[in-house]
Participant: 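Just passing along the structure, written as structure tokens.
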Amino acid sequence: MAKIIDGKAISAQIRAEIKEQVGTFCAEHGRAPFLSVVIVGDDPASQVYVRNKERACNEVGIGSDVLRLPSDTDEETLLSLIDRLNRDPGVNGILVQLPLPSGIDEKKVICAIDPSKDVDAFGYENVGRILTGDYDFLPCTPAGVMELLKRSGISAAGKDCVVIGRSNIVGKPMAALLMHENGTVTVCHSKTADLPAHTRRADILVSAIGKAGFVTADMIKEGAVIIDVGINRTPEGKLTGDVDYEGCFEKASAITPVPGGVGPMTITMLLKNTLKAAEKQI
Ligand code: GUN
């Protein structure tokens, strides 16, 4: 039977630590770290994410504002807003919520953010720094996974680590971070031949493909650590991960639930990055 990795509790603990560090920052510098969140259009999921980010900042004492632009905003207007935020010394972190409306080049926008304010760590400079291991910021979701492992006493060193999914935001940086921790990493994706043959060898399995119930008990090794990054909705509207939780629970040594596993860690890592950005800029 698996130990449940309680992302909600671990996240609360880290947020309390961040709140204390933010207090120290405020006392030393007479102002709070500040995050500007830019959202273009009215995608309902993005609206929820942005509200949650704003609330989380508030709870730990980080200042924030949300700059809402209409869905017909052109690229030039967005780029000039980013330029203004880059030059504003009162703004420590800049986050442009994705996806952007079609017609706007996401890569161009993300790479326009000053790398020292790029708290999502999606810009090319930060991506390159992550790959070489010389980084200030880590992308929030993979960083959250590493923190969950660390605080659960699970080391990747010498372990077979399998990541399902090769996105720029999760799969690729996840593989890099596990390598930095001396894991032996395999990345599986939609074109992998015999994917279960890989997952069955995993001591640590990280699933980030966005398919409900994709990872079943027959695909995992006895005693494996299962990290579920998936956020999916069942036809009934219930939130669920990529992993058949009930099935894998008996076989795994540790497992993250959905909700309450990786999810709460993502915004927590954003708070950590914003504080770090502010400290580095002073
Ligand atoms: N959209 C979905 N997840 C994210 C995220 O982590 N950062 C940004 N900027 N947009 C997102």
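Ligands are counted one by one from 1 in listed order, and the atoms in each one are counted from 1 as well. We count residues from 1, following the sequence as given. Note that the structure is a prediction, hence the values are computed from the model and not measured.
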Participant: Can you spot which of Thr274, Asp65, Asn92 makes a side chain to side chain donor-acceptor pair (under 3.5 Å) with Ser36?
Facilitator: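 Per the side chain to side chain donor-acceptor pair (under 3.5 Å) rule, the option paired with Ser36 is Asp65, out of Thr274, Asp65, Asn92.
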Participant: When you look for heavy atoms under 4.0 Å from ligand 1, do you find them on the side chain of Leu98, its backbone, both, or neither?
Facilitator: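 The part of Leu98 near ligand 1 is both the backbone and the side chain.
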Participant: What part of Leu95 sits under 4.0 Å from ligand 1 if we count only heavy atoms: the side chain, the backbone, both or neither?
Facilitator: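 Just the side chain.
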Participant: Which residue, Asp118, Asn273, Asp136, Asp120, forms the side chain to side chain donor-acceptor pair (under 3.5 Å) with Asn126?
Facilitator: Asp118
Participant: With distance as the sole test, does Asp242 use its side chain to make a donor-acceptor pair with the main-chain N or O of Asp228 at under 3.5 Å?
Facilitator: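 Such a contact is absent between Asp242 side chain and Asp228 backbone.
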Participant: Quick check on contacts: which atoms of ligand 1 are under 4.0 angstrom from a heavy atom of Asp120?
Facilitator: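 Once the distances to Asp120 are compared, the set is 6 (O), 7 (N), 8 (C), 9 (N).
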Participant: Short N/O distance, under 3.5 Å, between Gln97 and ligand 1?
Facilitator: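 So ligand 1 has an N or O lying under 3.5 Å from an N or O of Gln97.
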Participant: Give the minimum heavy-atom separation between Gly63 and Ala32, together with the two atoms involved.
Facilitator: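 In terms of heavy atoms, the two residues are closest at N-CB, 4.2 Å.
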Participant: Run the numbers for me: atoms of ligand 1, each under 4.0 Å from some heavy atom of Val96, listed by number.
Facilitator: 8 (C), 9 (N)
Participant: For Phe122, which of Val127, Val109, Leu98 qualifies under side-chain contact (heavy atoms from CB on, under 4.5 Å)?
Facilitator: Leu98
